[in-house]
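In what follows, a single structure is set out as C-alpha cells and then discussed.
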Amino acid sequence: MDKLLVHGGTPIHGTITISGSKNASLPILAATLLTEEDCVIRRVPDVSDTNYMVQILTGLGSDVERFSGTVRVNAADITDTAPYDIVRRMRASVCMMGPLLARKHRCVVALPGGCVIGDRPIDLHIRGLEALGAKTEVAGGNVILSAPGGLKGANVDLCGDNGPTVLGTDNVMMAAALAEGTTTITSAACEPEVVDLADFLNSMGAKVSGAGTPVITVEGVEKLHGCVHNVIPDRIEAGTFMAAAALAGEGVTLRRVNEGHLASISQALRKAGHQVHFNDTGDACTVHRGETPMPAEIVTEPYPGYPTDMQAQMTALFVTTPGTSVVVDTIFPQRFMHCAELKRMGADITLSEGKAIITGVKSLSAAPVMASDLRASAALVLAALTAKGTTEINRLYHIDRGYEHIDEKLLALGANVERVRE
C-alpha cells in the first residue's frame, strides 16, 4: 500500500485543471449496458473506482478500451450477473441493477457491505425497481431482480429518511429508459451528476425530462443507441482544492469547473472570510486565503445545499480558524471518523450527535494518521499542508478511489508531498 508524506508549511499557489467527475462517470459507465452499440465517454478520471467499474463491465462481457481519459464500451454480448469479487470493492456498483434489469430482464448483483461513514441501504433502489414491475429475491448475499415480461412505466416515489438517493434515482432512471410507457420519479435527487446521466441517456435516444428537479419524467423507448459524451467536472475535487487554497494558499486557480455546481461551497468559503472569484464564463475560479478567517457554521443538505462530501474538508479548514465553528452532517451523521485523526494533530473538536464543534487552534503538529474513507483522507491531506513537520497519511488507497493523481496536482501547486510505498 502507498502512503503520502506531507511536509507542512509550504504555501500553495498556481493553476491546475480539475478532472472529470467520478460520481458522474460511474453511473454513465453503467448506462453503457443499455445498448449494443459503442459508447465513448471522455474525461473519465483515472481513479480506482472507475477502474473497478471498467473491470465489472469487462466481467459482464463488455468489450472495453481505456486510453487517455477516454473509455469506449461495447456491451453487445453481456451476461446478467455482476462478478462478486469486483462488486464487493465498490458500493456504487449497485447502479448496475437498473441497466442490467432493463436490458436483460434479470440481474444478479451482490449486496453492498457496511461502510465506515454509516449505513447506506439500497431499499429505495429496490422499491423503485419493484414499482416498475421487478420481482426481488435475496439469496447468498445477492439481490436477484427479474422482470420476465419487461418493465412497465409507473409513478415512483424515492423519498427516504435522509433525503433523496442519488444512485437510486440513477438506477430507476436507467431502468425506465427501456420500460414500456411513462415513468414519473418524485423526490428525485437533483445533483449535477444526475443531470449528467440524463444528458447521456438522452444522447443515446432516451426521453428524459426534469433532471435537476425533484420530478423526473422518463418516456420509455424500445432501443437505445451509442453516443459520445463528455463527463462534467468533479465539483468535489474542485471544492477540495478550493478549501486547500483557503487553508494554505497564496492564490490558486482551478480550470474546468462549473460555477453553478460550486455555489454552496463558494458561499461557505466566503462566509468564512476567504476570497473566491470566477471568470466571466464560470469555468475557472481563483481562491485566496482571507486575511482574517472567521468561524462559521455549515449544515450538509441535498443539492443545491452544502454537500456531505465536502464536510470533512471544511472541518479541516476550521481546525485552525480562530473562534468556534460548527459542522452538522444531516446526510451521514456518523461521518466524522477524520476528527479523531485531526485531534492527533492537535485539533480541538467535540463531537455530539452528527455535529462537530471546532475550536480553532493556532497551529497543528505533524503525526502519523490513518485515512478511514475517501473524503476523510482528503481532510487529512489539507490539514497536513499547514502542520509543523511531516505528516504520514496511511491507507492512501482511500484517496485514490476518487482523486485523480492528487499528489501530482499538489506538487504542481508547490506543495511538498511525496508518495511512498510501504
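Numbering of residues begins at 1 and proceeds along the displayed sequence. Below, all heavy atoms of this structure are taken into account, side chains as well, without hydrogens, waters or symmetry copies. This structure is a prediction, so every number in the text was calculated from the model and none was measured.
- When only modelled atom types and interatomic distance are considered, D329 and Q311 share a side-chain donor-acceptor pair under 3.5 Å.
- By the 4.5 Å heavy-atom criterion applied to side chains, R395 and Y397 are counted as neighbours.
- Just one residue in the list T165, V218, L132 forms a side-chain contact (heavy atoms from CB on, under 4.5 Å) with V172, and that residue is L132.
- The backbone N or O of H13 sits nowhere less than 3.5 Å from a side-chain atom of E250 that would complete a donor-acceptor pair.
- Partners of T10 under the side chain to side chain donor-acceptor pair (under 3.5 Å) rule, at least two apart in sequence or in another chain, do not exist in this structure.
- The distance from the CG atom of L129 to the CE atom of M97 is 5.5 Å, given to the nearest 0.5 Å.
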Step by step, work out the side-chain contact (heavy atoms from CB on, under 4.5 Å) result for R72 and D63. CA-CA 8 Å; R72 183 197 65 80; D63 178 26; 2.9 Å; yes
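- Nearest heavy atoms, S363 versus T320: CA-CG2, 4.3 Å.
- Side-chain atoms of S377 never come within 3.5 Å of backbone atoms of A371 as a donor-acceptor pair (strictly under, hydrogens ignored).
- Residue-environment remark: NZ (K104) exceeds the threshold of 12 foreign heavy atoms within 6.0 Å.
- Residue T15 comes nearest to L413 through the heavy atom pair N-CD2, 3.8 Å, listed as atom of the first residue, atom of the second, then distance.
- Screening residues 224-243 for ring-ring contact (aromatic ring centres under 6.0 Å, His included) gives F200-H229 as the qualifying pairs, with residues at least two apart or on separate chains.
- Between the side chain of S93 and the backbone N or O of V87 there is at least one donor-acceptor pair closer than 3.5 Å.
- Applying the salt bridge (charged side-chain N to carboxylate O under 4.0 Å, His left out) test to E392 and every residue at least two apart in sequence or in another chain returns K3.
- Atom CZ of F278 has more than 12 neighbouring heavy atoms from other residues, nucleotides or ligands inside a 6.0 Å radius.
- Considering all non-hydrogen atoms of both residues, G226 and C39 come closest at CA-SG, 4.0 Å.
- Side-chain contact annotation: R66 with N51, donor-acceptor N/O pair under 3.5 Å present.
- Between T240 and A378, the closest heavy-atom pair is CG2-CB, 4.1 Å.
- Taking OG1 of T390 as the reference point, atom CG of N416 lies at 7.5 Å (rounded to 0.5 Å).
- Interatomic distance, CD1 of I18 versus CD1 of I232, reported as 13.0 Å (0.5 Å rounding).
- Looking at heavy atoms from C-beta onward, L317 lies in side-chain contact with L269 at the 4.5 angstrom threshold.
- Side-chain contact between K22 and L374 is present, with at least one heavy-atom pair separated by less than 4.5 Å.
- Distance alone, capped at 3.5 Å, is enough to place a donor-acceptor pair between the R103 side chain and the L33 backbone.
- Judged by distance alone, the side chain of T35 and the main-chain N or O of E37 form a donor-acceptor pair under 3.5 Å.
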Do Q313 and I236 pass the side-chain contact (heavy atoms from CB on, under 4.5 Å) test, and can you show the C-alpha distance, the side-chain angles, and the key distance before you say yes or no? CA-CA 10 Å; Q313 299 90 313; I236 304 302; 4.1 Å; yes
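- Here the closest non-hydrogen pair linking Y306 and I298 is CE2-CD1, 3.5 Å.
- Atom NE2 of H398 sits about 9.0 Å away from atom CE of M1, to the nearest 0.5 Å.
- Considering CE of M174 and CE of M204, their distance stands at 10.5 Å, rounded to 0.5 Å.
- The main-chain N or O of E36 is found under 3.5 Å from a side-chain atom of N74 such that the two form a donor-acceptor pair.
- Inter-residue side-chain proximity for S25 and I41 is flagged as unmet; no heavy-atom pair is nearer than 4.5 Å.
- Within a 6.0 Å sphere centred on CZ of R270, heavy atoms belonging to other residues, nucleotides or ligands number more than 12.
- A donor-acceptor pair under 3.5 Å links the side-chain atoms of T330 to the main chain of T300, judged by distance alone.
- Here the CG-CG distance, from N258 to D283, works out to 9.0 Å after rounding to the nearest 0.5 Å.
- Under the 3.5 Å distance criterion, the side-chain polar atoms of S325 are matched with a main-chain donor or acceptor of A296.
- Two residues are said to be in side-chain contact when any heavy atoms from C-beta on lie closer than 4.5 Å; V44 and M53 fail this criterion.
- At least one donor-acceptor pair under 3.5 Å links the side chain of N202 to the backbone N or O of V208.
- Under a 4.0 Å N-O distance rule, the pair R335/D309 qualifies as a salt bridge.
- The salt bridge (charged side-chain N to carboxylate O under 4.0 Å, His left out) test applied to E237 returns K409, not counting sequence neighbours.
- More than 12 heavy atoms of other residues, nucleotides or ligands shown are found within 6.0 angstrom of CG on D85.
- For the residue pair S187 and D157, a side-chain donor N or O sits within less than 3.5 Å of a side-chain acceptor on the partner.
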Using the side-chain contact (heavy atoms from CB on, under 4.5 Å) rule, take V381 and V417 through it: C-alpha gap first, then chi angles, then the decisive distance, then the call. CA-CA 10 Å; V381 172; V417 303; 5.8 Å; no
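- The two residues A177 and A206 have their closest heavy-atom pair at CB-CB, 4.2 Å.
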Could you go through the side-chain contact (heavy atoms from CB on, under 4.5 Å) check for E297 and V328 one step at a time? CA-CA 8 Å; E297 177 176 351; V328 181; 4.3 Å; yes
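- The neighbour count for Q267 CD, taken as heavy atoms of other residues, nucleotides or ligands under 6.0 Å away, does not exceed 12.
- A search for side chain to side chain donor-acceptor pair (under 3.5 Å) contacts involving T253 returns T286, not counting sequence neighbours.
- In this structure, T50 and V71 have side chains that are not in contact, with every pair of non-hydrogen atoms separated by 4.5 Å or more.
- Electrostatic pairing of D49 and R89 does not count as a salt bridge here, judged by no charged N lying under 4.0 Å from a carboxylate O.
- Taking the side chain as every heavy atom from C-beta outward, I56 and M90 approach each other to under 4.5 Å.
- Although no hydrogens or angles enter the test, the distance criterion places a donor-acceptor pair under 3.5 Å between the side chain of T169 and the main chain of A189.
- Within the 4.5 Å cutoff, side-chain heavy atoms of L100 are placed close to those of L60.
- With sequence neighbours left out, the side chain to side chain donor-acceptor pair (under 3.5 Å) criterion links Q55 to no other residue.
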